[in-house]
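Heads up, the thing below is written out as structure tokens.
Since we're looking at a predicted model, the values are computed, not measured. Residues take their numbers from the sequence shown, with the count starting at 1.
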Amino acid sequence: MPNMAFLSLFRALLLLSLTASGLSTRPYNNGLSPNFYNYVCPQALPTIKRVVEAAVQQEQRMGASLLRLHFHDCFVNGCDGSILLDPTPTIDSEKLAFPNNNSARGFEVIDQIKAEVDRVCGRPVVSCADILAITARDSVVALGGPSWKVRLGRRDSTTASRTTANSDIPAPNMDLPALINNFKRQGLKVKDLVALSGAHTIGFAQCRIFRDRIYNDSNINHAFSKNLQSSCPRKGSDSNLASLDPTPASFDTLYYNNLLTQKGLLHSDQALSTDESTLELVKSYSYDYDAFWKDFAKSMVRMGNIKPLIGNQGQIRSNCRIVN
């Protein structure tokens, strides 16, 4: 009988240990995993998906805006949620950087997701950086695009860098060599550049961003530029919007079709057609949905793996806008 009692006690302690391990919020140091929240908060991902779907249903443009937040986060010192930090005396907010100021949007949706996720999880468990990564995927799916397994386990930064945001986020006036070098610095390849640029199959751009292209570029369809000039004069109307492709709320391949007819809205978009190394991929994606979707998903995973904070690095913010 004493042996049976000891065995029962051992089993109870083992079960308690496994349960505590599964529920622990202490991150491991083995990189990112799609299953990171399976035990600690299995309701997290369905909750994020529900809020994203509601936000995109209310305003379809929001899908592109949320996807863009993840891009702009990852290209500035890695995918660490730094883009979400508001300015303070010690935080030089990336929201004020040229690529984001009066342009990046969707922060209120991220706030809503964070509040909902913390509520269902019972405490701050899911990082803001992971919320951005999951939200990007769910936004693409909500607009008819591909899905992929998001690797999770990122931690949140305690700093931001407006200077790095200004230098490292790809600019809309970049030519192809500059774009290739920009992506190379992030550990991304030419194929990633062409596939991830396909994110511009959804969303809009402001007149101030594409004005120089429609008035000064030579590799642009004449009728296309004339039409855009009617809503984007040489001076003023800076915030007037134009769609990045003909179907801004549908994750399709028309973005690439536009590049083949010199109808890329941004200089950096049309740059993808200026060299055979990228033009062949543009042609392929223009008619092959499966190839585009597959490569886009793979490149999103690679981008999401740029310098994540893991282990004991960073923190899990209680409020995505401020450091704990």
Could you tell me which non-hydrogen atom of [X] sits nearest to which non-hydrogen atom of [Y], and how far apart they are?
{"X": "Ser237", "Y": "Ser231", "value": "CB-O, 4.2 Å"}
{"X": "Thr159", "Y": "Leu85", "value": "O-CD1, 3.6 Å"}
{"X": "Leu45", "Y": "Arg137", "value": "CD2-NH2, 4.2 Å"}

Assess, by modelled atom type and distance only, whether the side chains of [X] and [Y] contain a donor and an acceptor separated by less than 3.5 Å.
{"X": "Arg208", "Y": "Asn102", "value": "no"}
{"X": "Asn100", "Y": "His72", "value": "yes"}
{"X": "Asp269", "Y": "Tyr255", "value": "yes"}
{"X": "Ser250", "Y": "Thr247", "value": "no"}
{"X": "Arg154", "Y": "Ser127", "value": "no"}
{"X": "Ser82", "Y": "Glu94", "value": "yes"}
{"X": "Arg123", "Y": "Ser318", "value": "no"}
{"X": "Asn257", "Y": "Ser286", "value": "no"}

Going from [atom1] on [X] to [atom2] on [Y], what distance comes out if it is rounded to the nearest 0.5 angstrom?
{"X": "Leu265", "Y": "Leu228", "atom1": "CG", "atom2": "CG", "answer": "6.0 Å"}
{"X": "Leu69", "Y": "Met62", "atom1": "CG", "atom2": "CE", "answer": "9.0 Å"}
{"X": "Thr253", "Y": "Phe296", "atom1": "OG1", "atom2": "CZ", "answer": "13.5 Å"}
{"X": "Ser139", "Y": "Glu53", "atom1": "OG", "atom2": "CD", "answer": "10.0 Å"}
{"X": "Leu196", "Y": "Met303", "atom1": "CG", "atom2": "CE", "answer": "6.0 Å"}

Between the main-chain N or O of [Y] and the side-chain N or O of [X], is there a donor-acceptor pair closer than 3.5 Å?
{"X": "Gln270", "Y": "Leu259", "value": "yes"}
{"X": "Asn221", "Y": "Lys263", "value": "no"}
{"X": "Asp138", "Y": "Val52", "value": "no"}

Problem set entry | Residue pair Arg321, Lys95: steps toward the side chain to side chain contact (heavy atoms under 4.5 Å, CB included) verdict | CA-CA 11 Å; Arg321 293 175 179 263; Lys95 294 179 179 181; 3.4 Å; yes
Problem set entry | Working for ring pair (Phe, Tyr, Trp, His ring centres under 6.0 Å), residues Phe292 and Phe251 | CA-CA 10 Å; Phe292 168 46; Phe251 203 91; 5.5 Å; yes
For this session: Check each of Val117, Asp156, Asp118 against Pro124 using the side-chain contact (heavy atoms from CB on, under 4.5 Å) test, and report the only one that passes.
Result: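 Exactly one pass, corresponding to Asp118.
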